[in-house]
Amino acid sequence: MTDTRGQQPPYQMFGGEQPAPQQAGQPYHPPQAYPSPGGTQGGQQQQPAQPAGAGSGAAVRRPRTGARTTPRTRKARLRVAKADPWSVMKVSFLLSIALGVCTVVAAAVLWMVMDAMGVFSTVGGTISEATGSNESNGFDLQSFLSLPRVLIFTSVIAVIDVVLATALATLGAFIYNLSAGFVGGVELTLAEDE
């Protein structure tokens, strides 16, 4: 196939530069966007850069001094569209068991501290004097608030707390799913660590 367009003007490159004519016997070197200092471009030796007012037509590209060096923090806005009730129930069950164990331990420690300070004996003596009569000694606070009785009462409260917290969290997940269908759910803005 032959070219019938006739004589075409040479291609014009970016910045008004003309491509260097390729000489016979030399390998082809494509033009580079930014010349490397001291290197070759297109098989020709680069000339050292001259300062801007020294008569050269091409300006020297210099880096910006006020360039920002810290990376920009990416942020993403996400929406919690649905809470799985089964996973909410499992997590709330484990957290309420941990809270129940902490309640029992805290009650035992508090009872031991109050017993070591003599609170039960002092308050129990005052109550037995106030409620006592000639034929009876009155109400015995120390036997009523013994450690086993306090721990049993606290354990019952902890078990009730586990059942109620698990049921309420699961019911809350169902209610959240219903309300998220109307209003779209809770929106969160997440950002990467710097």
Side-chain angles (χ1 to χ4, degrees), residues 11-17 29-39 41 46 49 52 58-120 122-123 141-142 144-194:
Y11 293 107
Q12 185 174 3
M13 296 180 69
F14 180 74
E17 299 176 358
H29 295 284
Q32 297 179 354
Y34 299 106
S36 58
Q41 178 181 2
Q46 292 289 328
V60 178
R61 183 179 177 95
R62 299 185 188 277
R64 293 185 299 166
T65 56
R68 191 172 155 166
T69 57
T70 58
R72 185 183 302 176
T73 304
R74 291 193 307 171
K75 292 184 179 180
R77 292 189 66 174
L78 300 176
R79 193 167 46 93
V80 182
K82 184 183 179 193
D84 185 27
W86 176 248
S87 63
V88 170
M89 187 184 75
K90 290 188 293 186
V91 171
S92 63
F93 178 71
L94 290 177
L95 289 178
S96 58
I97 283 179
L99 183 64
V101 170
C102 291
T103 304
V104 171
V105 171
V109 169
L110 183 64
W111 188 92
M112 289 178 189
V113 169
M114 290 177 70
D115 188 44
M117 291 173 58
V119 173
F120 293 126
T122 305
V123 175
L141 182 67
Q142 283 183 302
F144 181 74
L145 291 181
S146 63
L147 181 61
R149 192 174 276 186
V150 168
L151 289 181
I152 289 173
F153 180 72
T154 308
S155 300
V156 169
I157 295 296
V159 168
I160 294 173
D161 178 51
V162 167
V163 173
L164 284 179
T166 305
L168 287 176
T170 308
L171 182 64
F174 279 112
I175 293 174
Y176 177 80
N177 290 339
L178 288 175
S179 64
F182 293 113
V183 297
V186 177
E187 288 189 1
L188 303 174
T189 301
L190 304 178
E192 288 183 345
D193 289 337
E194 295 185 12

Ignoring hydrogens, what is the shortest heavy-atom contact between [X] and [Y]? Give both atom names and the distance.
{"X": "Thr170", "Y": "Thr166", "answer": "OG1-O, 2.8 Å"}
{"X": "Ala180", "Y": "Ala81", "answer": "CB-O, 3.4 Å"}
{"X": "Leu145", "Y": "Trp111", "answer": "O-NE1, 2.7 Å"}
{"X": "Tyr176", "Y": "Ala83", "answer": "CD2-CB, 4.1 Å"}
{"X": "Val88", "Y": "Ala169", "answer": "CG1-O, 3.4 Å"}

Task: 4.5 Å side-chain heavy-atom contact, Lys90 and Leu94 - done: no

TODO: Check whether any side-chain heavy atom of Pro85 sits under 4.5 Å from a side-chain heavy atom of Asn177, and report yes or no.
DONE: yes

Task: side-chain contact (heavy atoms from CB on, under 4.5 Å) partner of Phe153, the single match among Leu151, Val150, Ile157 - done: Ile157

In Å, rounded to the nearest 0.5 Å, how long is the span from [atom1] of [X] to [atom2] of [Y]?
{"X": "Met117", "Y": "Thr122", "atom1": "CE", "atom2": "OG1", "value": "9.5 Å"}
{"X": "Leu147", "Y": "Thr154", "atom1": "CG", "atom2": "OG1", "value": "9.0 Å"}
{"X": "Ser92", "Y": "Ile97", "atom1": "OG", "atom2": "CD1", "value": "10.0 Å"}

Task: Arg79 side chain to Gly184 backbone, donor-acceptor under 3.5 Å - done: yes

